[in-house]
Amino acid sequence: MKINEIQLTNIGAYRGSNTFDFRTVNDKNVILIGGENGAGKTTLLNAIKLGLFGAYAFGFKTESADYYKRVKNILNNEAKKINENNFRIKLEFTLIDGYEKTDYILYRYWNIKNESLKETFEIIANGKHLTTYDKELFHAKLKEVMPPQLLDLCLFDGEDISRIVNEDLLSDYLRKLSKVVFNLDLFEVLELDLESYSNQNLDLKKMESIEKELYELNNTEKTIKKDINDLTTQLNEYKLKRQEFQDSYNNEKLLFDTNGGLVKAERENILNQIHTLEQERKQNGELIKEFVSTLLPFVLGANLLGKTRKQLADEESLHLHDQLEAKLSAEALTDILKSISSPEHNQEVLKNKILNIVQPEENLILIHDASFSESSLIENMHMKVSKYDKKDILNIIEENKVKLKSLYELRSALKINDTTNEFSEMIEKMEKLQKAIFDLDSKIKESEEKLVEFKSSYESTSNALHKIHSQLKDNEKTQSSFLESQKIITLSKRFRQIQLKKKLQEVQIAATTMLRRILRKQNYISSIQIDENTYDIILLDSNKDSIEKTTLSAGEKQILLISLIWAIFKSSGRKVPFIFDTLLGRLDKTHKTAVLQYFIPNCGQQAIILSTDSEIDTEHYEILKPFVSKEYMLEFNVEYKKTKIIDHYFPFKKIGESV
């Protein structure tokens, strides 16, 4: 397994979106991450495990309330306070199973609703989204290739290493590590299951009435088995043909990339320009469309809009005139005249003068009789039309014309590039191969789905047959099962013993070689022996005399342990990432230098080191630097309560470079 990239969104102190690129190149296998205590190193390690395994990361079999409680505690507090509801771990990694390489992108989301937490899990394998069924297969494969406990054992935690050394737990640790790494724990589980099964007592039952059912089931089983064999043969042919197409495509692509890099880069650049122009024209088109559907009719009818606006104002005055006329009765006017000591015969004159103030200048016929809100709409549209400048929309239209011309030129260039350059035949051939691969993928998927159905039917039929056989042959089966189970258990134990002995011999040689390279006392330990029963470590000098482990310093014991762990992984053949968390803090200067020079570079394709500036200082950084692919520094901001990822190690790196 190789971790390529991890993205944390509102996880722990990682506020917002934060990305670590863990890809290594050539012989540079180290990812160096610096940070003071509390900066977020432990959160990063826990996020890797949680992203991969979900509930299994905390020892839960399902997504229980206790699991969600644990998850909720690691979500960013600031994001929770403002109900941001964007919590995610994205993990990109590569698995090699049976010589088949698969690139995965894993997404694990969490959503909080009504104080309740819900998890969503998505996985993409080689660009294909997995179905629910495929996800179950993925989990099964992952737990087989990289189970959670194995990932824990890949972590060289300085605190744990020191505890194992100080409490003399080396033998117990090696026993546990060997069982998991060499898959010997699977055989122990098998032996326990067989013991449990062989001790069961089955009641004797003879049932003649089921003989006919047994005959029919046997015929059904034969038919389904033939269907499975035929479909499996066809599926293998599809896969073989697909592999041939894939190999041909890879060869063509390799030839194209090797000899046509500049052409490829030029074509991709043209495609990017076309995409950008199309997006810009689309945005301009939306603006033009909106103008045409909303403002344009009123711009064209601006005069009519003005007349309508005046008509509405006049109608409002007419309404006021009619209302006043209705209110200014003879009695009301008499009261007004009395209050100003005017003769009664002047009341008509007074009324007319008051009405003339609000009466429109010309005779008006009610047309619209608009409400206040309708009048407001006309007024608003009048303001928009008044502010409208035709240059704005004309500039957008002209800009789209220019972009359309540029698009035409770029597409013409692309067409010429694809049809006239010397690689056009390669491109055409690759496209045909891709289509053929796509068609075969569809057939393979259809066949695999049908095969799953056949196998399910076969399994159901086999289970029914098994049940009948159990009923017919209980007594005989009980006796024979016990004997056969004991034989298998004995064989399994013998296999474990031989396998363990063979592997421990390889571990002894590899661990001795590594220990002699990094131990300060040259030739002090000539060989390491491991007792296959007790896992006790025996150290021998050049005279084959035993060396007491108590004579070793704490640092030397730590080097012994990491040499043994490394040798176990090397002998297993497992491709795993090694993670070192403050591993070097308790080593002296000489041993620290040796570990960085000889041990770390030999830790496979990927070694992730989490360190403080005192653990890997200026001098030791310069030693490690030739093996570093990526480096980061974690800086926790107390004011904003968030961790910032900086794309370099601690600042003293610059001092080292200037010396």
Side-chain angles (χ1 to χ4, degrees), residues 1 3-9 11 47-72 74-75 85-98 100-114 116-151 224 227-228 231-232 234-236 238-239 242 437-463:
M1 177 180 182
I3 302 172
N4 299 321
E5 183 176 298
I6 183 169
Q7 184 183 94
L8 307 179
T9 303
I11 302 297
I48 293 174
K49 192 174 178 182
L50 175 60
L52 281 172
F53 302 108
Y56 291 103
F58 298 130
F60 301 109
K61 293 183 179 180
T62 58
E63 296 167 4
S64 61
D66 290 335
Y67 166 65
Y68 282 129
K69 185 178 179 181
R70 292 281 295 273
V71 171
K72 201 167 184 178
I74 69 169
L75 303 183
N85 238 354
N86 182 21
F87 308 96
R88 186 182 76 172
I89 297 175
K90 175 187 175 186
L91 196 61
E92 297 184 26
F93 58 96
T94 301
L95 282 181
I96 298 178
D97 183 26
E100 181 180 351
K101 175 184 173 184
T102 307
D103 292 321
Y104 292 95
I105 304 177
L106 182 152
Y107 297 90
R108 204 175 287 276
Y109 307 83
W110 292 275
N111 182 270
I112 301 175
K113 186 176 182 180
N114 299 327
S116 179
L117 192 66
K118 181 180 179 182
E119 180 175 294
T120 304
F121 173 75
E122 295 293 336
I123 185 77
I124 301 172
N126 288 339
K128 175 185 176 184
H129 285 268
L130 299 189
T131 63
T132 302
Y133 175 74
D134 290 333
K135 289 179 187 176
E136 294 298 326
L137 294 180
F138 164 77
H139 281 300
K141 178 187 288 188
L142 182 63
K143 284 187 283 185
E144 177 184 341
V145 177
M146 176 60 74
Q149 61 268 33
L150 180 59
L151 186 61
I224 297 175
D227 291 339
I228 290 175
L231 189 58
T232 301
Q234 186 181 55
L235 184 60
N236 289 334
Y238 286 154
K239 290 183 176 180
R242 187 198 183 284
I437 291 171
F438 177 79
D439 292 340
L440 281 172
D441 282 338
S442 299
K443 292 180 180 179
I444 289 171
K445 182 180 179 182
E446 182 181 348
S447 299
E448 287 177 339
E449 289 174 352
K450 189 177 291 185
L451 189 60
V452 170
E453 294 177 5
F454 283 160
K455 288 183 177 179
S456 177
S457 299
Y458 183 81
E459 185 178 358
S460 299
T461 306
S462 297
N463 290 338

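Since this is a predicted model, take the numbers as computed values, not measurements.
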(request) Would you check if D134 and E448 make a side-chain contact, meaning some heavy-atom pair closer than 4.5 Å? (result) no
(message) Is there a side chain to side chain donor-acceptor pair (under 3.5 Å) between T120 and N111? Walk through the geometry before answering.
(response) CA-CA 8 Å; T120 304; N111 182 270; over 6 Å; no
(message) Main chain of Y458, side chain of S462: is a donor-acceptor contact present, judged purely on distance under 3.5 Å?
(response) yes
(request) Might you point out which heavy atoms bring A47 and L8 nearest each other, and give the distance in Å? (result) CB-CD2, 3.6 Å
(request) Run the numbers on H139 and F121 for side-chain contact (heavy atoms from CB on, under 4.5 Å), then give the verdict. (result) CA-CA 11 Å; H139 281 300; F121 173 75; 3.6 Å; yes
(message) Could you go through E449 and T131, starting from their C-alpha distance and side-chain angles, then the distance that decides it, and tell me whether this counts as side-chain contact (heavy atoms from CB on, under 4.5 Å)?
(response) CA-CA 12 Å; E449 289 174 352; T131 63; over 6 Å; no
(message) Looking at every heavy atom in both R108 and L50, which two are closest together, and how far apart are they?
(response) NE-O, 3.2 Å
(message) Using modelled atom types and a 3.5 Å cut-off, is there a donor and acceptor pairing between side-chain atoms of N85 and backbone atoms of I112?
(response) yes
(request) Please round to the nearest 0.5 Å and tell me the distance separating atom CD1 of I124 and atom NZ of K128. (result) 12.5 Å
(message) I need the minimum non-hydrogen distance between I224 and S457, along with the two atoms involved.
(response) CD1-CB, 3.9 Å
(request) Please say whether more than 12 non-hydrogen atoms of neighbouring residues, nucleotides or ligands are located less than 6.0 Å from NZ in K90. (result) yes
(message) Quick check: do L117 and F87 have side-chain heavy atoms less than 4.5 Å from each other?
(response) no
(request) State the CD1-CD distance between I105 and E92, to the nearest 0.5 angstrom. (result) 4.5 Å
(request) For the pair Y109 and Y107, name the ring-plane relationship: parallel under 30°, tilted 30 to 60°, perpendicular over 60°. (result) parallel
(message) Measuring only between side-chain heavy atoms, which start at C-beta, is D66 closer than 4.5 Å to F58?
(response) no
(message) Could you report the tightest heavy-atom contact between I123 and F138, atom names first, then the distance?
(response) CD1-CZ, 4.0 Å
(request) Take atom CD of E446 as the centre, draw a 6.0 Å sphere, and report whether it contains more than 12 heavy atoms from other residues, nucleotides or ligands. (result) no
(message) Rounded to the nearest 0.5 Å, what separates atom CZ in R70 from atom CG in L75?
(response) 13.0 Å
(message) Please check if the number of heavy atoms outside K443 that lie under 6.0 Å from its NZ is greater than 12.
(response) no
(request) To the nearest 0.5 Å, tell me how far I444 CD1 sits from N236 CG. (result) 10.0 Å
(request) Enter the distance from L142:CG to F93:CZ here, rounded to the nearest 0.5 Å. (result) 6.0 Å
(request) Look up atom CD1 in I89 and atom CH2 in W110, then write down how far apart they are to the nearest 0.5 Å. (result) 4.0 Å
(request) For residues A125 and Y104, report the shortest heavy-atom separation together with the two atoms involved. (result) CB-CE2, 3.6 Å
(message) Check this for me, if you would: do R88 and E122 make a salt bridge, where the nitrogen-to-carboxylate-oxygen distance has to be below 4.0 angstrom?
(response) no
(request) Count the heavy atoms belonging to other residues, nucleotides or ligands that lie under 6.0 Å from NZ of K135, then report whether that count exceeds 12. (result) yes
(message) Could you check whether any side-chain heavy atom of T62 comes within less than 4.5 Å of a side-chain heavy atom of Y67, counting everything from C-beta outward?
(response) no
(message) With a 3.5 Å distance limit and no angle check, can you tell me whether D103 reaches the backbone of N126 through a side-chain donor-acceptor pair?
(response) no
(request) Determine the minimum heavy-atom distance between I48 and L91, stating which atoms define it. (result) O-CD2, 3.9 Å
